[in-house]
Amino acid sequence: MTSVNSTMPWFGMDIGGTLSKLVYFEPKDMMQGESESEIEILKSIRKYLTKNSSYGKTGHRDTHLQMDNVVLRGIVGTLHFIRFPTSKMKNFLVLANQKGMAKLVTTVCATGGGAYKFEEDFKREVNMKLAKYDEFESLLKGLLYIDKNNPTECYYWSNPTDGTKCSKVQYDFSSPYPFLLVNIGSGVSILSVNSATECKRVSGTSLGGGTFLGLCCLLTGCNSFEEAIGLAAEGDHTHVDKLVKDIYGGDYAKFGLPGDLVASSFGQMNSRDRRSKVSRQDLARATLVTITNNIGSIARMCAIQQKVERVVFIGNFLRVNPIAMKLLAYAMEYWSNASMKALFLEHEGYFGAVGCLLQYHG
Ligand code: ADP
């Protein structure tokens, strides 16, 4: 049995603009060399985290993403994936205190802007030190580690526009370079990745997942991401957008633009009559299509500029969001004459948190 030092951080955290992602590594064997009282606290933390799938009012464990029998720093264990809104950080710290973590966990590996913003709060409220790591390096390290440990991590959508034929297909990501990594969080960052250690941020846009959610709440009165996605699934964006055929009466054949293409996002909404006829569902769908297509278009230009064929989309905007994934898959393939491929990863929003945990050398 390997001795597990409790001062070793078993938590990796990515504290983002909207969501905090917490990855907990649960060693398979119980700790050795700790005092009786330490072992009791460790056991109770472990029990609390692994027996529940929700924590307080807003914390969730994504049980479907759990990874068993992975090796971290030579120790076998399970990775658990937990998220909560960054706006509820105070509640998280109170809970961490109540569960005795403050007594035992001395260091948490952290990345994301919140690792800086909340550093003082962690020290003051729970006496924890944040070992901070670069966001993009963590993202890449976490992604490569998870992909190596999960044979079904990477996939693409085949026939993305055909409701009956569309399906998820596994993709072998073992020789991925070069590729473009498009991280769709609150905002969007686009990285060009040439090797396991070489990546640079080539572009980004502030029109990201946060924009989708913010606009959707404004336009439909919805109150959560899940609700926004639910509405979008029922809506029709062509009631909101102005299409090529609304302008040309059909295709714009000379430039190869199909009639169903959006010519102007929200372009019908200047008409009072049209406005009176759209539903909340239509508005949610149009917001989703607008934001997603804009990201797809920027990603495609970056892929051309960087001369890469594989474009990997990650980030929690893609959570429970097959509409956006299929739109991206279609857009990348269609506009590149099938020379580019949109790829997706199952642990979409958790790579940063995993990556910073991997980098710890305490
Ligand atoms: P960040 O690190 O900027 O918080 P994430 O990758 O966690 O970025 O993605 C945040 C985005 O994910 C939100 O802007 C929203 O579009 C989407 N999202 C998915 N699930 C949720 C949720 N439960 N609550 C809020 N936003 C969510």
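Just follow the structure's listing: the first ligand is 1, and inside any ligand the first atom is 1. The analysis underlying the following values was restricted to heavy atoms, covering all of them including side chains, and did not include hydrogens, waters or symmetry mates.
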Sorted by chain and number, sequence neighbours left out, salt bridge (charged side-chain N to carboxylate O under 4.0 Å, His left out) with E234 holds for none

Which pairs, with at least one residue in residues 237-258 and sequence neighbours excluded, count as a side chain to side chain donor-acceptor pair (under 3.5 Å)?
D236-T238, D236-H239, H237-D241, H239-D282, K245-D260, D246-Q268

Partners passing side-chain contact (heavy atoms from CB on, under 4.5 Å) against N293 (at least two apart in sequence or in another chain):
V289, L327

Under a 3.5 Å distance rule, please check whether R46 uses its side chain to pair with a backbone N or O of P27 as donor and acceptor.
yes

Under 3.5 Å, N/O to N/O: give me all the pairs between ligand 1 and the protein, one per line with atom names and distance.
residue: ligand 1; atom: 2 (O); partner: K21; partner atom: NZ; Å: 2.9
residue: ligand 1; atom: 3 (O); partner: G17; partner atom: N; Å: 3.4
residue: ligand 1; atom: 3 (O); partner: S186; partner atom: N; Å: 3.0
residue: ligand 1; atom: 3 (O); partner: S186; partner atom: OG; Å: 2.6
residue: ligand 1; atom: 4 (O); partner: G17; partner atom: N; Å: 3.4
residue: ligand 1; atom: 4 (O); partner: T18; partner atom: N; Å: 2.8
residue: ligand 1; atom: 4 (O); partner: L19; partner atom: N; Å: 2.9
residue: ligand 1; atom: 6 (O); partner: N316; partner atom: N; Å: 2.9
residue: ligand 1; atom: 7 (O); partner: K21; partner atom: NZ; Å: 2.8
residue: ligand 1; atom: 7 (O); partner: N316; partner atom: ND2; Å: 2.9
residue: ligand 1; atom: 8 (O); partner: S186; partner atom: N; Å: 3.4
residue: ligand 1; atom: 12 (O); partner: N316; partner atom: O; Å: 3.4
residue: ligand 1; atom: 12 (O); partner: F317; partner atom: N; Å: 3.3
residue: ligand 1; atom: 14 (O); partner: G209; partner atom: O; Å: 3.3
residue: ligand 1; atom: 14 (O); partner: G210; partner atom: N; Å: 3.0
residue: ligand 1; atom: 16 (O); partner: G209; partner atom: O; Å: 2.9
residue: ligand 1; atom: 20 (N); partner: R319; partner atom: NH1; Å: 2.6
residue: ligand 1; atom: 23 (N); partner: E226; partner atom: OE2; Å: 3.4
residue: ligand 1; atom: 23 (N); partner: R319; partner atom: NH1; Å: 3.4

Using only heavy-atom distances, determine whether the side chains of T152 and N150 contain a donor-acceptor pair under 3.5 Å.
yes

Stepwise side chain to side chain contact (heavy atoms under 4.5 Å, CB included) test for V278 and R274:
CA-CA 7 Å; V278 291; R274 294 271 189 173; 5.7 Å; no

